[in-house]
Amino acid sequence: MQQYNPLEIEPRQQAAWEAAGADRVREREADLPSYYALEMFPYPSGDVHMGHVRNYSIGDVISRHKRMQGFNVLHPIGWDSFGMPAENAAIKQESTPAAWTYANIDRQKASLKRLGFSYDWSRTVITSDVSYYHWGQWIFLKLWERDLVERRSSPVNWCPSCATVLANEQVVGEGVCWRCKTPVERKELEQWFFKITNYAQELLDDLATLSGWPERVKQMQANWIGRSTGAEIDFTLCDAAGNPTAEQITVFTTRPDTLYGCSFFLLAPEHPLVAQFVSGTEYEAEVARVVTLAASATAVERSKGERVKSGAFTGRFVINPINGEKVPVWISDYVMMDYGTGAVMAVPSGDTRDFAFARTYGLPIPPVIVAEDDPLYAELAGVQERKLTEVPWSEAYDGPGIMVQSSPFTGLAGGKDSAGSQAVIDALAARGVGRPTINFRLRDWLISRQRYWGNPIPAIYCETCGIVPVPEADLPVVLPMDVDVTRGETLASRSEFYEVNCPRCGAPAHRETDTMDTFTCSSWYYLRYTDPHNTTLPFARSVVDNWMPVDQYIGGIEHAILHLLYSRFFTKALRDAGLLGFDEPFENLLTQGMVKLNGEVMSKSKGNVVAPEEMIARYGADALRVYILFMAPPDKDLEWSQEGLEGISRFVNRLWRSVFDLTGEVVYDEEGTQLSIYDEGLDAAAAAARGKELNRELHRATAKVTTDIERFNFNTAISAIMELLNTTQGYLKLPLALRDAALAARAAKTLVLLIAPMAPHLAEELWQGALGEQGSVHEQSWPEYDPAQAVADEVELAVQVNGKVKARVTVATDASEDEIRSAALEAAASVIEDRDVRKVVVVPGKLVSIVV
RNA sequence: GCCCGGGUGGCGGAAUGGCAGACGCGGAGGUCUCAAAAACCUUUACCUUCGGGUGUGUGGGUUCGACUCCCACCCCGGGCACCA
């Protein structure tokens, strides 16, 4: 037999699998339990990179392993093919986004096939195909019907480089665009939104049900949703003399318990009341200066907390509803218009920012919450009226404490969600000037993009009817594929697209030219995979409910908020529309780490990529797959090592030779040199011992590989196969005549079956070639093991004296505790000498601990 | 500031509270060869007066026994953040 030659074997096996339809979902075997394994689909931005190889190798091992365990596995693939990069590339290459996109899809598809991933290619979903985005538009209309779509004017994030608006989730780091890293600008624009905030509470609550998700991801989503409990409190405007007007301004606070400490009131510079307040007054100029200052600061500058807070008095006052006090209204740039109500009750003794502001502008800082161990507490405990208007502190205190100087509430516990807070809310609510509220940080999802290469928003603007949804029967709104973005052509310049009659009144109207955020496409593709050829619906409920939720989802941590949050929202919204019957899309989530080179993320712009195609050409797809699974646990970053890949290549070669050798066949290299392991002339006694050892190792390794794959410890699963191979090679040093043929055959089969999910081509070739088995290795049952046979007859125990290993003792595996104890005491006699033995702890199979 | 991860040989990494460093890489020595490659074998935490001693970021603690559990701290990575 010849040496292992992956470059010949792999394409041949791939062709054979494709011809046999090996990776198709087994629809007819509906009695099998189903398993849905999914990896995040690629964006066709160029060639397949190592991150893809890692992501899809992990998914393929899980899929193939589940298949061998008897599941009917759905393992699909597709492309997330709308989006900006296609437009940029088209401009650069004088092409169209469609041409560039589909050429890349073809290239990536060829690479994925070359890697031998077991996808059901008949279910491929490409989001820029009209057969898919048609149903994205249909879903848009369903959401619209359910009042989850809204076009409204709002301050939004604008990326000047991408020339489009962005969702909040797409503004990352210090306020930059997630794709091009350009600082984002704020603009007031009319845009389309999905009302994800309607689901804020459920999206937060259901995180608790996702026990198969990494804690980190759930934490990130919880942070992003940002729920705060507190109250809305109405302050009434008053004149300089303190006489109330009819106008009210409402604030949101998480600390109603501090209301007696409110010594001023703040509005955001953008607050609509500000101009009205100061117009024509002596305060106008200074307020205008601060407003301009705040407006000119970028999001980055404004979010620097340590910056000196600028502010100005508006000349107006409000009445604190709890004590009737007249409080001055200021503006300050640390108050944000888009959180809460854009107005804040400032309590400088209890809030760091309010404290700094009060010190800067000489405003009073009366204490209202004092910790019991604070010296100030002795002075103020039980004091109901305001006695002290200035804290002796150098900073605000925002922790829990006791309420002071707070009239009837004095003495109650203060702090976040405290009894004191509740009491104040109740008192305000009784008078109708306050109410408990929950505030979320999550904003509605801005989904319109001023770009061509996306799913058209199915809406029509009519002068008489206003904004009209495209009737379901008129779908799809087809995106013209040949728009020439290199000459600045847009959808609006295409009259056959743009000009349309109003579906309601028939008058000339025009189409919406904004397209949807690509994240809308990726928010339901996993549903389409279950029923990809449906021409009347995005998916049939009976089918989607059968496969979903996804049993195992695998992808990068960078989608912890974006894609994963949007998909959860879609699932809940579609559930409420009666289209599906489950609450969460992804039952288990594995976030894989990045592939790095010299500590840096591989990227084209850094020029430090290792191309998968090159590695395949040198070592084969199987070696690359095994390597990438072996080098690190899947959720950790992986440092690329060429030597490591060579090591795996040696391992794969050794496995090839050993399997042949186990069948009695010798492997030769091109020059005819024998490569199999040589007979070392061992005797029958050695043969018996090595046979026993090999049998034990077969059971042990099978057990370990099985549990390790189930726990996604692919690196240690491969280690276990390496150990089994090492033991096997020890056995192969026996002369042929002394080998147990049945044992050798079992070892060969086990090696091949265990490596099959990771190195599918190698396993298939050995299964049919070396072992002469019929059918595909990938359709075999996963090997069984017997834990009782995985242990030796005798075991060596360590004997510890006072916690240190001082001796060793070999006992029968099934020896009683008493036997072990006396054997250990005897073995350690010289160490113990004449000291008293106080205690002996026997841990069977492990060690004996003696305390003297 | 708040919240998550993580710190183990020269390197990647193993260890349900039970012999730290599995497995692999790299290194050293050897077999084969005219030679080399490949393959195979041996060896490889550190110190040592060869008795032994020390070692999983630091300092404490619990335990017969701690990389693992508890407390405090240091460092690295990530998320959120003038969020009221």
Side-chain angles (χ1 to χ4, degrees), chain A residues 3 172-173 214-228 230 251-255 258 266 268 302-307 309 332-336 338-347 350-354 356-357 398 439-441 557-558 560-561 627 630-633 635-648 650-651 653-654 657 667 669-671 673-678 680 704 713 715-723 725-726 729 733 796-805 808 838-852:
Chain A
Q3 279 192 100
V172 298
E215 211 47 54
R216 183 159 68 125
V217 174
K218 289 191 276 186
Q219 198 67 50
M220 282 164 74
Q221 291 211 356
N223 276 347
W224 187 259
I225 295 167
R227 181 181 191 269
S228 301
V251 298
F252 171 74
T253 179
T254 56
R255 294 294 302 276
T258 65
L266 289 166
R302 199 164 158 186
S303 70
K304 288 273 177 273
E306 60 277 12
R307 208 162 67 100
K309 322 224 173 296
S332 179
D333 56 359
Y334 73 89
V335 181
M336 303 289 128
D338 54 5
Y339 183 78
T341 62
V344 173
M345 59 174 239
V347 181
D351 181 278
T352 317
R353 298 151 301 165
D354 296 346
F357 192 85
D398 60 7
N439 207 24
F440 291 95
R441 215 192 66 93
I557 187 76
E558 67 274 17
I561 295 170
Y627 163 76
F630 176 70
M631 276 303 277
D635 55 333
K636 298 269 174 60
D637 287 350
L638 183 154
E639 178 63 36
W640 183 265
S641 155
Q642 197 63 37
E643 294 78 15
L645 177 52
E646 276 160 23
I648 291 298
R650 282 198 287 272
F651 159 66
N653 270 284
R654 209 156 62 232
R657 289 195 306 268
V667 179
D669 67 11
E670 297 92 340
E671 292 163 14
T673 309
Q674 182 175 329
L675 287 177
S676 301
I677 297 135
Y678 298 89
E680 283 190 352
K704 178 136 178 74
N713 295 338
N715 53 334
T716 52
I718 293 165
S719 295
I721 299 174
M722 287 171 169
E723 288 176 272
L725 181 60
N726 291 344
Q729 290 197 300
K733 281 175 196 143
E796 191 185 60
L797 303 183
V799 181
Q800 290 185 343
V801 177
N802 287 350
K804 300 252 184 232
V805 178
R808 293 181 178 281
R838 287 226 197 116
K839 191 171 180 181
V840 179
V841 180
V842 178
V843 185
K846 299 281 184 184
L847 54 65
V848 181
S849 182
I850 300 168
V851 189
V852 301

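Below, each value reflects all heavy atoms present in this structure, side chains not excepted, and no hydrogens, waters or symmetry copies. Labels below follow one simple rule: chain letters A, B, ... track the order of the sequence lines, proteins then strands, and each chain is numbered from 1.
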How would you summarise protein contacts on nucleotides 25-30 of chain B per nucleotide, using B for base, S for sugar-phosphate only and - for none, with heavy-atom distances below 4.0 Å?
SS----

Could you measure between the two C1' atoms, the one in B/G1 and the one in B/C46, and give it in whole Å?
42 Å

Tell me what A/Gln219 touches on the nucleic acid: a base, only sugar-phosphate, or nothing, going by heavy atoms under 4.0 Å.
sugar-phosphate

What is the nucleic acid contact for A/Pro214, judged by heavy atoms within less than 4.0 Å: base, sugar-phosphate only, or nothing?
nothing

Distance check, C1' atoms only: B/C3 and B/G10, in whole angstrom units.
36 Å

I'd like the C1' distance from B/G53 over to B/G57, given in whole Å.
22 Å

Would you kindly compare A/Ala632 and A/Met722 by the position of their nearest RNA chain B nucleotide and give the one closer to the 5′ end?
A/Ala632

Given atom CG of A/Asp338 and atom P of B/C82, what is their separation to the nearest angstrom?
9 Å

From the candidates B/C23, B/C3, B/C83, the one with an atom nearest any side-chain atom of A/Asn726 is B/C23

Over how many whole Å does the gap from A/Phe630 atom CZ to B/A22 atom P extend?
12 Å

Write down the partner of B/G12 under the Watson-Crick or G-U wobble criteria, each distance required to be under 3.5 Å.
B/C23

Whom does B/G18 pair with, Watson-Crick or G-U wobble, provided both distances fall under 3.5 Å?
B/C64

Between the main-chain N or O of A/Gly647 and the side-chain N or O of A/Tyr627, is there a donor-acceptor pair closer than 3.5 Å?
no

Return the nucleotide paired to B/U33: Watson-Crick means purine N1 to pyrimidine N3 with N6-O4 or O6-N4, wobble means G-U with N1-O2 and O6-N3, both under 3.5 Å.
none

Output the rounded distance in Å from CE (A/Met220) to P (B/G5).
13 Å

Who pairs with A/Glu796 by side chain to side chain donor-acceptor pair (under 3.5 Å), at least two apart in sequence or on another chain?
none

Rounding to an integer number of angstrom, what distance separates B/U44 and B/C11 when you compare their C1' atoms?
14 Å

In whole Å, I'd like the distance from the CG atom of A/Asn802 to the P atom of B/A66.
12 Å

Could you check how far CD1 of A/Ile718 sits from C1' of B/G13, rounded to whole Å?
13 Å

So which nucleotide does B/G5 pair with, by the Watson-Crick or G-U wobble rule with both distances under 3.5 Å?
B/C76

In whole Å, what is the span from the CZ atom of A/Arg216 to the P atom of B/G6?
9 Å

Is the shortest side-chain heavy-atom distance between A/Ile648 and A/Met722 below 4.5 Å?
yes

Distance check: side-chain N/O of A/Thr352 vs OP1/OP2 of B/C82, anything under 4.0 Å?
no

I'd like to know if A/Arg838 reaches the base of B/C64 with its side chain such that a donor and an acceptor end up less than 3.5 angstrom apart.
no

Glycosidic torsion of B/G51 (syn if within 90° of 0, anti otherwise) classifies it as syn

Using atom types as modelled and distance alone, determine if a side-chain donor or acceptor of A/Asp351 lies under 3.5 Å from a backbone N or O of A/Asp354.
yes

Any side-chain heavy atom of A/Arg255 sitting closer than 4.5 Å to one from A/Val347?
no

Which whole number of Å gives the distance between the C1' atom of B/C71 and that of B/G21?
28 Å

Please determine, for B/A38, whether a Watson-Crick or G-U wobble partner exists with both distances under 3.5 Å, and give it or none.
none

For A/Arg441, which contact category applies under a 4.0 Å heavy-atom criterion: base, sugar-phosphate, or nothing?
base

How is A/Val851 classified with respect to the nucleic acid when contacts are heavy atoms under 4.0 Å: base, sugar-phosphate, or nothing?
sugar-phosphate

Per the glycosidic torsion and the 90° limit around 0, nucleotide B/G55 is anti

Taking CD1 from A/Ile557 and C1' from B/G77, how many angstroms apart are they, rounded to a whole number?
12 Å

What is the distance, to the nearest angstrom, from the CD atom on A/Gln221 to the C1' atom on B/G78?
15 Å

Pairwise P distance for B/C4 and B/G65, with rounding to whole Å:
31 Å

Could you tell me how far B/C80 sits from B/C73 if I compare only their P atoms? Round to whole Å.
26 Å

Distance, C1' atom - from B/G6 to B/C41, rounded to whole angstrom:
39 Å

